[in-house]
Structures are given as structure tokens and as C-alpha cells.
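Counting begins at 1 with the first residue of the sequence.
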Amino acid sequence: ERNQADVSEAKSGRTDLIFLIRFRHCCLLRNQRCLLAYLYDRLLRIRALRWEYGSVLPNTIQFHMSSEEVEWFNQYKKSLATYMRSVGGEEGLDLTQDIKPPKSLYIEVRCLRDHGEFEIDDGTTILLKKNSQHFLPRWKCEQLIRQGVLEHVLS
């Protein structure tokens, strides 16, 4: 507002204000660039949260997001789901399944908390109780590992 007032005065003949007006304008442009870089970085981090935590964010993380950021996350989640359904045939392709390329198809996991029954594709049902260990297909239990229900046991 002060800059606009000074511009009006400079138009009426006060040329000594031109340098001050330019300085303020450059400061405003710099602040705008910094703010846009900050917002873009937050969007990149929110996008990474989708890949790390899945489609449902923990309440502790969601508490620190604005309503616009939560809305953006939900739109990104829907857009990613639509894309994954359109690729890979009838069932779609889950791109979030393997964040790192697997070394083996089956892994040994330990259950960190009671989760209940867990069904594998062949119809086998496994009861996930605290401190129980199982040898499961990696792609079936990777989401539970990210949620903190299972822990990958390294020999």
C-alpha cells in the first residue's frame, strides 16, 4: 500500500521516490518467489506421503495440513487410483506396491501388534497376532509394513 501511494506521488513529479519504489517492488517479488517455492515443496512432500503411507494418512500428519492441502492430497489420490486402474489390464496395476525392487518374492515378517485375520490370494488365512512370525509374499504384506503392523525380519 505504501508503494502504491509513493507511485502516485512519483507520477506527480517526485522522482526521488523511484529508487525506493523499485527496492520495495524487488523485495515483494523476492518474497513471492520464496513463498511459491515453499508451497511447491510442501506439495511435493504431500505427494510423497501418498507413496509412503498409502491412501489414508495418519491423523498426526493430517493435523498439520491445511484443508486445501488435504483436498489436494485427496485429488492426487483419486487421480493416481484412476491411472492405476487404467493400466495393467482388468485388475489394474498397483504402482505403490514395490517402492524398492524386491530381492525375493517371499519375506519373513514379525507382527508388531494384533491385527486379526489376513487372507492371501490362494485362500489361506493367517492370524496376525503380536510377536508372531510368518513367511509371506512381499507384495501382500508391504502395505502392512508401511502401516507399522508388520516388521520385515532380516536374517
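The two residues Ser55 and Lys77 make their nearest non-hydrogen contact at O-CD, 3.2 Å. Across Leu95 and Met84, no two heavy atoms sit closer than the pair N-SD, 3.2 Å. Closest of all the heavy-atom pairs between Asp6 and Leu20 is OD2-CD2, 3.9 Å.
Put simply, the residue from Ile145, Ile107, Val109 that forms a side chain to side chain contact (heavy atoms under 4.5 Å, CB included) with Arg138 is Ile107.
Between Lys140 and Phe118, the closest side-chain pair of non-hydrogen atoms falls below 4.5 Å. Looking at Tyr38 and Cys34, their side chains never come closer than 4.5 Å, going by heavy atoms from C-beta outward. Taking 4.5 Å as the limit, some side-chain heavy atom of Leu29 sits within range of a side-chain heavy atom of His25. Side-chain atoms of Arg110 and Ser132, non-hydrogen and from C-beta on, never get closer than 4.5 Å to each other. Using a 4.5 Å heavy-atom threshold, the side chains of Gln62 and Asn59 count as touching.
Taking NE2 of His64 as the reference point, atom CG of Leu57 lies at 12.0 Å (rounded to 0.5 Å). In this structure, Leu17 CG and Lys11 NZ are separated by 13.5 Å, a value rounded to the nearest 0.5 Å. One distance of note links CD of Gln147 with CZ of Arg113; it measures 7.5 Å at 0.5 Å rounding. Expressed to the nearest 0.5 Å, how far CG of Leu49 lies from CE of Met65 amounts to 6.5 Å. If you take CD1 on Ile120 and CG on Leu136, they are separated by 5.0 Å, rounding to the nearest 0.5 Å. Distance CZ/Phe73 to CD1/Ile61: 9.0 Å, rounded to 0.5 Å.
Criterion: ILVMFWY side-chain heavy atoms under 4.5 Å apart, direct or through other members. Under it, Leu105 and Phe135 are part of a common hydrophobic cluster. Residues Tyr76 and Tyr83 fall within the same hydrophobic cluster, defined by Ile, Leu, Val, Met, Phe, Trp and Tyr side chains chained together at heavy-atom separations under 4.5 Å. Hydrophobic clustering (ILVMFWY, side-chain heavy atoms < 4.5 Å, transitive): Tyr106 and Leu128 are in distinct clusters. In terms of hydrophobic clustering, with Ile, Leu, Val, Met, Phe, Trp and Tyr side chains grouped at heavy-atom distances under 4.5 Å, Leu144 and Tyr53 are assigned to different clusters. Hydrophobic clustering (ILVMFWY, side-chain heavy atoms < 4.5 Å, transitive): Leu112 and Leu127 are in distinct clusters.
Within a 6.0 Å sphere centred on CD of Glu151, other residues, nucleotides and ligands contribute more than 12 heavy atoms. Around atom CD of Glu117, no more than 12 heavy atoms belonging to other residues, nucleotides or ligands sit under 6.0 Å away.
With hydrogens and angles disregarded, a donor-acceptor distance shorter than 3.5 Å links the side chain of Thr82 to the backbone of Lys78.
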